[in-house]
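So that the names make sense, note that chain A is the first sequence line, chain B the second, and so on, each numbered from 1. Both backbone and side-chain heavy atoms feed into the values below; hydrogens, waters and symmetry mates do not.
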Amino acid sequence: MTTLSFEDGTVRVDDPPPDLQLPFLEADPRSGDARAPAFRYAALRDVLDGCDEVYDDRVRSWDPLDLSTTYELRDYQREALDAWERADGRGVVELPTGAGKTVVAIAAIVSRGLPTLVVVPTVDLLNQWRRELEAEFAVEIGQFGGGQQTKRPITVSTYDSAYLRADDVGGDFGLVVFDEVHHLGGEGYRDIGRLLAAPARLGLTATFERPDGAHEVVEALVGPRVFSLAVDDLAGDHLAEYDIKRIEVSLSEAERAAYDDAQETFVDYLRTSNLDMRSGADYRKLVMRSGNDPRAREALLAKQRARRVMMNADAKLDALESILARHRDDRVIVFTAHTDLVYRLSERFLLPAITNETGTSERREILDRFREGSYSRVVTANVLDEGVDVPDANVAVVLSGSGSEREFTQRLGRILRPKSDGGRALLYELVTRETTEEDVAERRRG
DNA sequence: TTGACTCAACATCCTTTGCTACAA
DNA sequence: TTGTAGGTTTCCATGTTGAGTCA
């Protein structure tokens, strides 16, 4: 009889039905067995079921879980869950930060009642999820990552650990939840999706689409986007209303000279080198050239100098000074693109700073103080964009940032938790006049 | 257990003028 | 004459994280 079993990130098919062409099967070069990548498991079963074939399914040996939740789903969370169920338990739910994606996942875990792997990008999120799941289900939760390797019917893992363990444990879960699922499009991480057999898959993100188009990979591995709400859909109800204020500043004379000089070097190279700078692919081409073409390298470095000048313009510091004075009684997070600027700001305005160099304990202490109110402001580069539980603020100042829509959405999300006094959140965006930063700022608005 | 270190991986990085050689 | 690809076989720099190692 035909037998399906999980083996090293694949589904092995023994004695396939002779009169039936099963899709996705390939002969294993070493053993000669017929195998399919584990994520094709559901599709294989569909084909076999569709032909009324009798087969022995040793993949699906999961013990059902008896779980319940005390959460009352909000309307949109219920709709998201229903949409996912209608898609046969495969797909991505796109909800803004703070809209309660975890709650949707917990409801999905309850409704499936199957061993579940939750995959998250950072150890910080790993701990949050574990606490949340333990509190909700009153069972021990397994953990891959952060120095632990314990498997339980419900297990939380980092993407890195999931990558390392997937071929080993990939057959042990019936449902996999990918938090911040856009990461799954990464060149290496996508293998996680391939090596797991779980037929039911739920992806969670605030920003599904990727500029490199790799959300199509995510779709293939997890399923299509089945539900989507943007910040503006929830602002006023479940998220705070907000305003965005753009403040334009000018370069000093010296900065202007440095910027123009560097920018010209860059543009000059493009003009004389037959490079159209239309897309990320063209940029990569330039990067490749710079490996052995000194002029390309010079152009690239010049572009970086220009970026630094426009992003870290002195006038932005003055603008920040007046913003901080205006919001003496508010809770303010300041974002930059460069760590050295973080430290400059920290020194000049006596702001607690968090960067990648800040150790775990110091980081926790700063965030705790920010939470309880003894600090009312904090300055950071990109650390707090994602994957960290950041206490709520009501004012964000984006001193500089990339053109990434995702980064912008995440930063905005940091101030959108509903205010107890019903007040509005405010995001300042500082942009240097007559530089490419004007376009960068446009791009990230999406 | 902790801290310091290294390493690998991921994300962003770009935006508007015009050459050359070859294919259709 | 007109239209279009060009470049190779990854990676200029910076910021960030997780895993692993070692003391």
Side-chain angles (χ1 to χ4, degrees), chain A residues 119-127 143-149 157-165 180 182-192 207 210-214 262-263 265-308 310-312 335-343 354-363 380-388 400-408 410 435-444:
Chain A
V119 187
V120 305
T122 64
V123 171
D124 211 75
L125 279 173
L126 182 103
N127 293 326
Q143 175 173 336
F144 297 151
Q148 274 195 51
Q149 296 290 326
S157 171
T158 60
Y159 276 83
D160 285 82
S161 283
Y163 178 74
L164 296 172
R165 301 291 309 270
E180 311 288 0
H182 47 271
H183 288 286
L184 198 66
E187 207 64 54
Y189 287 163
R190 56 184 68 169
D191 282 342
I192 302 169
T207 44
R210 294 171 49 115
D212 63 359
Q263 186 71 13
T265 304
F266 176 69
V267 173
D268 211 50
Y269 176 78
L270 293 187
R271 238 197 319 267
T272 57
S273 64
N274 315 330
L275 255 191
D276 282 344
M277 202 46 71
R278 284 171 206 272
S279 68
D282 298 321
Y283 189 79
R284 272 198 298 283
K285 224 180 267 176
L286 174 58
V287 171
M288 264 192 269
R289 280 189 192 183
S290 71
N292 53 13
D293 175 353
R295 283 194 62 231
R297 185 178 148 76
E298 170 56 27
L300 209 47
L301 293 178
K303 182 65 201 170
Q304 272 153 20
R305 278 201 304 278
R307 267 170 57 81
R308 244 192 147 78
M310 81 183 186
M311 285 183 158
N312 302 348
F335 295 97
T336 78
H338 297 282
T339 28
D340 49 0
L341 181 60
V342 170
Y343 292 120
I354 297 182
T355 70
N356 64 322
E357 294 164 24
T358 315
T360 322
S361 56
E362 190 186 351
R363 197 180 287 195
T380 179
N382 302 319
V383 184
L384 303 184
D385 285 356
E386 181 195 281
V388 186
S400 53
S402 72
S404 158
E405 201 180 329
R406 168 164 303 126
E407 178 191 276
F408 187 76
Q410 284 165 339
T435 64
T436 55
E437 193 167 41
E438 292 175 324
D439 305 322
V440 171
E442 279 311 311
R443 223 183 308 149
R444 64 179 166 231

- prompt: Do R363(A) and D124(A) sit within salt-bridge range, that is, some charged N less than 4.0 Å from a carboxylate O?
  reply: no
Of the nucleotides [options], which one has an atom closest to the side chain of [X]?
| X | options | value |
| --- | --- | --- |
| V383(A) | dT16(C), dA19(C), dC13(B) | dT16(C) |
| K285(A) | dG18(C), dC13(B), dG7(C) | dG7(C) |
| Q263(A) | dT15(B), dT17(C), dG15(C) | dT15(B) |
| N382(A) | dC14(B), dA19(C), dG15(C) | dG15(C) |
| S161(A) | dG7(C), dA19(C), dT16(C) | dA19(C) |
| L300(A) | dT15(B), dG18(C), dC12(C) | dC12(C) |

Look at all strands and tell whether [X] reaches a base, only sugar-phosphate, or nothing, counting heavy atoms closer than 4.0 Å.
| X | result |
| --- | --- |
| V287(A) | base |
| Q143(A) | nothing |
| A337(A) | sugar-phosphate |
| D293(A) | nothing |
| L164(A) | sugar-phosphate |

[atom1] spacing across the pair [N] / [M], given as an integer number of angstrom:
| N | M | atom1 | answer |
| --- | --- | --- | --- |
| dA8(B) | dC11(C) | P | 14 Å |
| dT16(B) | dT8(C) | C1' | 27 Å |
| dT17(B) | dC12(C) | C1' | 24 Å |
| dA21(B) | dG7(C) | C1' | 14 Å |
| dG18(B) | dT2(C) | C1' | 16 Å |
| dT10(C) | dA11(B) | C1' | 16 Å |

query: Syn or anti for dG18(B), with syn set at within 90° of 0?
result: anti
- prompt: Mind telling me whether dT8(C) is syn or anti, cutoff 90° either side of 0?
  reply: syn
- prompt: Would you call the rings of H183(A) and Y159(A) parallel, tilted or perpendicular if under 30° counts as parallel and over 60° as perpendicular?
  reply: tilted
message: I'd like to know if the side chain of E180(A) reaches the main chain of H182(A), judged simply by a donor and an acceptor atom lying under 3.5 Å from each other, with no hydrogens or angles considered.
response: no
- request: Could you grab the distance from atom CZ of F144(A) to atom CZ of R165(A), nearest 0.5 Å is fine?
  value: 4.5 Å
- request: Find the distance between CE (M310(A)) and CZ (R305(A)) and round it off to the nearest 0.5 Å.
  value: 14.5 Å
field: Most 5' of S361(A) and D439(A) on DNA chain B, judged by nearest nucleotide
entry: S361(A)
- request: Would you check, one step at a time, whether the test side-chain contact (heavy atoms from CB on, under 4.5 Å) holds for Y343(A) with T355(A)?
  value: CA-CA 9 Å; Y343(A) 292 120; T355(A) 70; 2.6 Å; yes
message: For a quick check, tell me whether the side chain of Q304(A) and the base of dC12(C) share a donor-acceptor pair closer than 3.5 Å.
response: yes
message: I'd like to compare against my own output: the B/S/- annotation of nucleotides 5-12 of chain B with a strict under-4.0 Å heavy-atom distance to protein.
response: -----SSS
task: Considering non-hydrogen atoms only, spot the tightest contact between N312(A) and L341(A) and give its length.
output: OD1-CD2, 3.5 Å
query: What residues form a side chain to side chain contact (heavy atoms under 4.5 Å, CB included) with D212(A), not counting sequence neighbours?
result: R210(A), A214(A)
